[in-house]
Every structure is written in structure tokens, then in C-alpha cells.
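Below, each value reflects all heavy atoms present in this structure, side chains not excepted, and no hydrogens, waters or symmetry copies. Numbering of ligands and ligand atoms starts at 1, following listing order.
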Amino acid sequence: MKSKRNKRSWAEPYKIKMVELLRMTTREERKKALEYAGYNTFLLKSKDVYIDLLTDSGTSAMSDRQWAGMMLGDEAYAGSENFYHFESAVHENYGYKYVVPTHQGRGAENIVSKIMIKPGDIIPGNMYFTTTRLHQELAGGTFVDIIIDEAHDSQSKHPFKGNGNLTKLESLIKIYGSKKIPYISIATSVNMAGGQPISIQNLREIRKLTEKHDIKVIHDMTRVAENAWFIKQREKGYQNKSVKSIVKEICSLTDGATMSAKKDALVNIGGFLALNDKALYEEASNMVVVYEGLHTYGGLAGRDLEAMAIGIGESVNDDHIRARVGQVEYLGMQMLEAKIPIVQPIGGHGIFVDAKRFLPHLKQLQFPAQALAAEIYLDSGVRSMERGIVSAGRNKDTGDHYFPELELVRLTIPRRVYTQAHMDVVAESLEEVFHNRKKIKGFKMVHEPKYLRFFQARFKKL
Ligand code: F0G
């Protein structure tokens, strides 16, 4: 019999073998926990959290195969067997020639910035990411955003809001000259835009322009498989290609990559810097010794390298990605039905609530996204995070706050961790908070750390 449905479920391609018990809290307990945390969800204790959507970083569930791999750790200081397995997983799935492991993504960002950026350099990119930009600045460079304008508009339904604007890039090259631009920083699944993809076509155009000017493309491939899934869904000619082959095609259009394997690659810790240029690789493998550890372990145990090697393979599986993005979409659709303002199209790794539209009575300097994240936690014990003015930080030259167009609360979904019923709880909580939104008060910042302030800043209710 022919099914009446035109779409099949995104159901998970795995079953659950072990569970971690969660603690339920009362509203009174959560109120105290928030005060203790200075209204910053990063400062909450995990034991006080019911559903943890702070981040998808290092929070995914490893498979039985990955756990089995952990028992095969070869903990030799040098030349561990797990390193060679990891190296071949990078070659096979991403195609980059050389790789040095690092303890996580920012370890790779530090090294690539140090070896490629000179003071006074300009690094164009498709929207900033907090740690990436900071490492570029610490190396003496200045990040310049060249993402398309649609990316800054939460309501634009452009299918590839991660695309770069070629005109912006070209005019930067004209103004500064290619000698001052060591590379362009291209992220797949642009995090700060709401997990929005870049198209292959745009990447090809960027490649063509940068090649002409002898500028390298360094790829932030933290969520490359999720980006590949959107290409498969939305870009002409890719419907019948596997995620694995699209991932490889994306990588082939770039000269190297930094990776936080804590996301796509399904591990709790790990990352790497991959490069195609031998001389640059030699520099990187020397530099990694200074900051991370020998070039065959980069701050990781052998067992972590093994889990990462296996996770990389699992991460580019079509069935895995279909369910992963499907679950995010499932939550997003419930929000849209409840008329809650979120970034559209729904992104790959989480739902991004538009706090400016949710709380139009608050000014941006009253930290609406920070206040909303606190309120969601108070309502249900669901932990989210601010991605707005606090995350954006201050201009390194003028010291002024950046006022980003996007003032968002990110509900980030860890991979393979929560169920459909958990997503229902999250949606119900958001509906409740939305219903009472007019009562939500703004914050003032009472403690502001110098670097990456969103992690440790403290607030008081106005
Ligand atoms: N690039 C992107 C796009 C990221 O999302 C992250 C981390 C990094 C680089 C840095 O990697 O944390 O392994 O050092 N993002 C986390 C998040 C923190 O919650 O989005 P890391």
C-alpha cells in the first residue's frame, strides 16, 4: 500500500545501550543556582541542569565502537598507533595531505594564526567566531566580515546564509593588497549566523578569486558534515551525492582546515590542524610542540585519537546526519508553530531564538539574550547560551562594545544524546516563557573579563 505521508521520519539510526540519570530541580533551587552563577548559564553547575543545550561541543554521545576504541589506546609518547589511524581517517574522509592533532579547535586556531598572520594583516571571513577572531587578533591581525548581508537578518530565508560576498572580498583585496591578506577564513555551517551553510558554488567562486590573488583559504570545518547535508538538500546537482563525497569536495576547495572535533566528529575532546602545503605543515608540526605536545599526540591521549578516528568516519554517514539535522528541525518546527521568533532557515546544530524580537522592550545594552537564557533555565532547567552582544565583545582598537545585528539565544543540540520527548519539553518551556515575555527584565554586567567575556561575565537584574 502506498503511504499517505510524503515524508519519512528522521528517526535515529541507533538504539540506546546505556543511560545517564538526570536530576530534576525545583524553581526555587534554580532561582538560587542562577544567583550563584551571576545569571550566566556558563557558570551554572551541570548537576543543576535538566536538559543541557548550552553547546554541542564535546557533549555528544560516543558510539559503542568509539568506546571500544578507547580500550585500544597506545599511550606511547611518540608515534602512537592511534595517531596513524587518525591520520588515515583525515586523509580518507577530508582529503587533506598533512595533519597535526590539537587538544581542541582553538589549539589549531592558535597555531595557524601564529604561523600565517603577521602584525597588520587582514583576515576576511564569513562571520566571526569568538575564539577564531581572538587568535587572529592576538597574532596581530584584524578580522573583517565578508559574509552576505542576509546572514545578519534572522528572518531572511536565503538557503545559503553562510555564503561570502565576493564584492566585499574583492574590495578588501583592492584596499589592502593581497600581500596583507595571508588567507581567508571560511567556516562551513556558520555558527554565529545560526548554523547556516555555505554553497559549493560560492566556495568555488571564492576559490577562483583568492587563487588569482595568491590568497589561501583556511576552512573552519568544525561542522562540515552538517553543511554538506544542507548542500545535498538545497544545491542543484547534489541530491544523489553522499555526504561523505560532498564533505571531501568542500575540503578540496580549501588549502587547510582547523577542526574542533568536539562537534561534528563526535568526541568529547580533540581537534586538529590540516594543511596541504608541506612547508606550512613543517612549521605547524614544530609549533604544536610548544603549545600542545608532540606532533603525533597534540595534547590528546592515544585513546582520544582513536575515538576521534572512529568518530570522523561515523560523522559523514548520511543516516547519522539525516537524524541529527532532523532532530534540530523537529524542535525548530515546534517553535515556529508557537510563533516564537527564531533564525530561519532552521540551522544544523541548534535553534537560535531572536531575543530582539522576543523581548522588544529591552535595549541591546540590557542584554536581552542573556536575560532570556536565564529565564528559560528558571522555567524548566533547560540550559542555553547567549549569542549576542556579550559574545561579540569589544572592538580591539576603540574598546567599544560591538552591537551585532543578531542578538540570539542558542539552544544547541548535542549529537545522539536527547530524545524527541526532551525536545517537546524544551518547546513547551519556550512557549511558557514566550507567553510571559513582557515580565522579563534586562541585566547589567557587573563583571567583565578581558578575553571571551561571555564565558565568565556576571550580571545583575535591573
Ligand atoms: N570554530 C567554531 C565554528 C566553533 O563553533 C568552535 C567552538 C571553535 C571553532 C573552537 O573550538 O571549542 O574546540 O576550541 N565552539 C563551541 C560552541 C565552544 O559552543 O559553539 P574549541
Answer whether the closest heavy-atom distance between the side chains of F455 and T130 falls below 4.5 Å.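 Heavy-atom side-chain distance check fails, nothing below 4.5 Å.
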Closest protein heavy atom to [atom], given as residue, atom name and distance to 0.1 Å:
{"atom": "atom 13 (O) of ligand 1", "result": "S260 OG, 2.6 Å"}
{"atom": "atom 7 (C) of ligand 1", "result": "K263 NZ, 2.6 Å"}
{"atom": "atom 1 (N) of ligand 1", "result": "D220 OD2, 2.6 Å"}
{"atom": "atom 21 (P) of ligand 1", "result": "Q104 NE2, 3.3 Å"}
{"atom": "atom 9 (C) of ligand 1", "result": "E109 OE2, 3.1 Å"}
{"atom": "atom 8 (C) of ligand 1", "result": "F129 CE2, 3.5 Å"}

Taking only heavy atoms of [X], which atoms of ligand 1 are found under 4.0 Å from at least one of them?
{"X": "G105", "result": "11 (O), 13 (O), 14 (O), 21 (P)"}
{"X": "T222", "result": "1 (N), 2 (C), 9 (C)"}
{"X": "M385", "result": "19 (O)"}
{"X": "T55", "result": "17 (C), 19 (O)"}
{"X": "R106", "result": "11 (O), 12 (O), 14 (O), 21 (P)"}
{"X": "K262", "result": "13 (O)"}
{"X": "T131", "result": "8 (C), 10 (C)"}

Do R30 side-chain atoms and T25 backbone N/O form a donor-acceptor pair below 3.5 Å? yes
With distance as the sole test, does S245 use its side chain to make a donor-acceptor pair with the main-chain N or O of K241 at under 3.5 Å? no
Can you name the one residue among E226, H219, Q196, R223 that meets side chain to side chain donor-acceptor pair (under 3.5 Å) with T188? H219
In terms of relative ring orientation, are F86 and F83 parallel, tilted or perpendicular, with 30° and 60° separating the classes? tilted
Please work out which of the three classes, parallel, tilted or perpendicular, describes the rings of Y77 and Y297, given edges at 30° and 60°.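 Perpendicular: the ring planes of Y297 and Y77 meet at over 60°.
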Test side chain to side chain contact (heavy atoms under 4.5 Å, CB included) on V224 and D264 and set out the steps. CA-CA 7 Å; V224 65; D264 243 15; 3.8 Å; yes
If the threshold is 4.0 Å, N to carboxylate O, is there a salt bridge linking R322 and E329? no
Side chain, backbone, both or neither: which applies to R410 and ligand 1 if a contact is any heavy-atom pair less than 4.0 Å apart? side chain
Can you see whether R410 engages T412 through a side-chain donor-acceptor pair at a distance of less than 3.5 angstrom? yes
